[in-house]
There are 2 protein chains.
Amino acid sequence: MQTRPVEVTRGLREACMSCSLQELCLPRGLYGQDLERLDALVERQGPYHEGDHLFRIGDPFDSIYAVHAGSYKSYTVDSEGREHVLGFHLPGELLGLDAIYPGHHVCNALALDTATVCVLPYARLSSLASQISGLFTQIMRLMSKDIADTATLAGDFTAEERLAAFLVGLSQRFQLRGYSPKEFNLAMSRRDIANYLRLATETVSRVFARFEKEGLIAVDRRALHLLDLPRLRTRCESLGSR
Amino acid sequence: MQTRPVEVTRGLREACMSCSLQELCLPRGLYGQDLERLDALVERQGPYHEGDHLFRIGDPFDSIYAVHAGSYKSYTVDSEGREHVLGFHLPGELLGLDAIYPGHHVCNALALDTATVCVLPYARLSSLASQISGLFTQIMRLMSKDIADTATLAGDFTAEERLAAFLVGLSQRFQLRGYSPKEFNLAMSRRDIANYLRLATETVSRVFARFEKEGLIAVDRRALHLLDLPRLRTRCESLGSR
DNA sequence: CGTAGACTTGAGAGTCATCAACGTAAGTGG
DNA sequence: CCACTTACGTTGATGACTCTCAAGTCTACG
């Protein structure tokens, strides 16, 4: 069951062609007519509001989503009802790739704030990818990146290493999108961060406090200031693959 | 630097067409002429022997590998020299998908026993994928599965849950390949298992002993006997996504 | 202004890592 | 064939990191 009917802002063509995320998103490396053809199958969807679900476990898979604005979290719920956060998704990143294989969604995705997505109907996308070799390449690249990234968190690292890596990673992703790498707002709660990093919320709270005491960061609720990025990096050097 | 020159068993065509792994590997869903065209670009490589590297971090990426026989492990080495096992790969599974994005390998892969692979040159594969829509679909499916699988281990589970899930997962994979799901040999050492599950080798040893005492398994060195698969499953229910 | 939820802080407990010693199997060279 | 070596695996004792439980603070919102 797709969660709820949502406005589809089609109207203006050139969703991709004028999008500021071109460099991060699928169209990278596509030009002219190829880009127009991709543009023709993309639909903007939203806005979703905080807590709205983009899709849920079991929903039939028919589209991949690219975050256009705002941010999302994806998560599963295990047999005992416990939630497991799989990732946070910023503009330009794809959602729903893990649903291709089984043909239905295997995780939930919800908006962490007011957010929109670009909908890429999979059937049309794959037929287009057969015609445009650059598109095939780009899809493969993004999926490959996804595989490499999910492997990063799978270490047995300390709470400090995990949180430092998380903050450094976020910083890099914000910078790529043209935002300040040293100052940004966390869209997600402590509980979500803790769950994502496989820690207790209390531990996250304590490590934040420790980092602040050491002058690494300044944090006020969701507002974050990375004061000493170099030293923060040394705190998570072992997770080098980022 | 590709590790070492290895014999390439081309010779007989029909590597894919007669392969017993067809149902697991890429050709699934391809027939007749399409299969022949895929077959034409695949080269069998090996045999590699225990400890031989298939590729190493930094090696230029130009091919995806499909395990044909034997088993491999993939792993990284962090800045402090510690090894991190990313996965074990059985016949029919793909290796090197995470190298597409960066264009070079981001992990090492080595043979755990005498093993062979099928080499899929990426450039030729992607051009073929634009001609055969079923091939594109299949590649996407396999990458999607990879993404979903790597997410599975990322929970904060107990040592028992992790090991139970590992054994159950292995069992399923062996069964899919036509082997007994209850009796098989572990190709990997305790140290590798422990590293993969983010545990100490001693912990793995102890949990094996505990499982044996409970009558869940019988284990002698690498020889494993799953005596009570149902009860083993209940031990890792929370990792339900498998 | 009051309540609910998010966040913080403290104290105690448990799981697992570390350190250490020992047992076993396989391979080597005499 | 037997000491010797090496890698692997098991078992025990101790300690640390982080979870759990609990109470308290702060913020947002109705």
Side-chain angles (χ1 to χ4, degrees), chain A residues 49-51 73 78 80-85 110 112-114 153-166 185-214 217-224 235-236 238, chain B residues 49-51 73 78 80 82-85 110 112-114 153-167 185-214 217-224 235-236 238:
Chain A
H49 300 99
E50 187 180 338
K73 90 171 178 191
D78 68 26
E80 287 156 40
R82 292 179 301 194
E83 185 175 316
H84 293 269
V85 176
L110 64 70
L112 290 171
D113 44 32
T114 303
L153 246 294
D156 62 335
F157 302 105
T158 65
E160 297 199 352
E161 286 174 319
R162 294 179 115 77
L163 191 57
F166 177 69
N185 281 302
L186 299 169
M188 66 294 288
S189 66
R190 298 286 193 276
R191 187 175 148 274
D192 282 341
I193 296 173
N195 192 309
Y196 175 62
L197 298 177
R198 313 305 161 185
L199 301 168
T201 61
E202 295 93 328
T203 304
V204 170
S205 207
R206 279 184 253 267
V207 175
F208 265 125
R210 232 175 293 162
F211 282 174
E212 191 158 28
K213 199 177 297 179
E214 294 182 42
I217 65 172
V219 56
D220 176 35
R221 312 290 289 164
R222 303 282 181 96
L224 192 65
R235 289 304 204 86
C236 57
S238 31
Chain B
H49 300 99
E50 186 179 338
K73 90 171 178 191
D78 68 27
E80 287 156 39
R82 292 179 301 194
E83 185 175 315
H84 293 269
V85 176
L110 63 71
L112 290 173
D113 44 31
T114 302
L153 246 295
D156 63 336
F157 302 105
T158 66
E160 296 198 352
E161 285 173 320
R162 294 178 116 76
L163 190 57
F166 177 70
L167 297 180
N185 281 303
L186 299 168
M188 64 295 287
S189 66
R190 299 286 192 275
R191 187 174 147 276
D192 282 341
I193 296 173
N195 191 308
Y196 175 62
L197 298 177
R198 314 305 162 185
L199 300 168
T201 61
E202 296 93 331
T203 303
V204 170
S205 207
R206 277 186 254 267
V207 176
F208 265 125
R210 230 175 294 161
F211 281 174
E212 192 158 29
K213 198 177 298 178
E214 293 183 42
I217 64 172
V219 58
D220 176 37
R221 314 288 289 164
R222 303 283 179 97
L224 192 65
R235 289 305 203 86
C236 56
S238 30

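Throughout, a chain's letter reflects where its sequence line sits, starting with A, and its residues are numbered from 1. Values below: all heavy atoms of this structure, side chains included; hydrogens, waters and symmetry mates excluded.
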Using a 4.0 Å heavy-atom cut-off across all strands, classify T201(B) as base, sugar-phosphate, or nothing.
nothing
Partner set under side chain to side chain donor-acceptor pair (under 3.5 Å) for T114(A), not counting sequence neighbours
none
Find the distance between CG (L186(A)) and CZ (F208(A)) and round it off to the nearest 0.5 Å.
5.5 Å
How many whole angstroms separate atom CZ of R210(A) from atom P of dC7(C)?
18 Å
By side chain to side chain contact (heavy atoms under 4.5 Å, CB included) - contacts of T201(B) (at least two apart):
R191(B), A194(B)
Whole-Å gap separating C1' (dT18(C)) and CG (D156(A)):
13 Å
In degrees, rounded to 10°, what is the bend between the two ends of the helix from dC1(C)-dG30(D) to dG30(C)-dC1(D), using five pairs at each?
30°
Can you pull every protein N or O that's under 3.5 Å from an N or O on nucleotides 19-26 of chain C?
residue	atom	partner	partner atom	Å
dC19(C)	N4	E202(B)	OE2	3.1

With rounding to the nearest 0.5 angstrom, report the CG to CG distance, N195(A) to D156(B).
7.5 Å
Filter on salt bridge (Lys or Arg N to Asp or Glu O under 4.0 Å), then keep only pairs touching residues 196-210 of chain B, sequence neighbours left out; what's left?
E160(B)-R210(B)
Suppose we screen for side chain to side chain donor-acceptor pair (under 3.5 Å). Which residues come up paired with D113(B), at least two apart in sequence or across chains?
S71(B)
Taking heavy atoms of chain B and a 4.0 Å limit, find me the 5'-most and 3'-most nucleotide of DNA chain D within that range.
dG9(D) to dA13(D)
Are any of T203(B)'s side-chain N or O atoms less than 4.0 Å away from OP1 or OP2 of dC16(C)?
no
Mind checking if A200(B) touches a base, just sugar-phosphate, or nothing, with heavy atoms under 4.0 Å?
base
Hits for side chain to side chain contact (heavy atoms under 4.5 Å, CB included) against A218(B), two or more places apart or cross-chain, chain-then-number order -> E212(B), H225(B), L227(B)
Could you state the CG-P distance from L199(A) to dC7(C), rounded to the nearest angstrom?
15 Å
